[in-house]
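One structure below.
In this text, all values refer to a predicted model and were calculated from it rather than measured experimentally.
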Amino acid sequence: MTVMDDWVTAVCVELDLDPTAVPVPAVLDLARDVAHQVLRPGAPVTAYLFGLAVGRGADPADAAARLSALAGAWPVELGADPTDPTAP
């Protein structure tokens, strides 16, 4: 077991959830996509919204794929030119 496995299991015990139903890789990939392609603080908020959707019956794989695609298509921040090597 990894620390992540231990943590997920402990959280699931606290919240009376099934740890085998937690799509850890999908959540981590989604958070990475949002953090890198939209903005860092959007990652935990998106993970929360993802969880709400899944809790209401959304398919985890479908929801994660749709949100990752949305993040990938998100416009570059206003004022930033992705072709400008000096842009932050």
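Residue Met1 qualifies as enclosed at atom CE: its count of foreign heavy atoms under 6.0 Å is above 12.
Across all their heavy atoms, Ala63 and Phe50 have their closest contact at CB-CE1, 3.7 Å. Heavy atoms only, all atoms of each residue included: Cys12 and Val22 are closest at SG-CG2, 3.7 Å. For Ala43 against Ala35, the heavy-atom pair with the smallest separation is CB-CB, 4.0 Å.
Under the 4.5 Å side-chain heavy-atom criterion for grouping Ile, Leu, Val, Met, Phe, Trp and Tyr, Val27 is not connected to Leu17 through any hydrophobic cluster.
With hydrogens and angles disregarded, a donor-acceptor distance shorter than 3.5 Å links the side chain of Asp5 to the backbone of Thr2.
The closest side-chain heavy-atom distance from Val34 to Leu67 is not below 4.5 Å.
For the side-chain hydrogen bond (donor to acceptor under 3.5 Å, both in side chains) condition, the pairs that include at least one residue of residues 49-74, sequence neighbours left out, are Asp33-Ser68.
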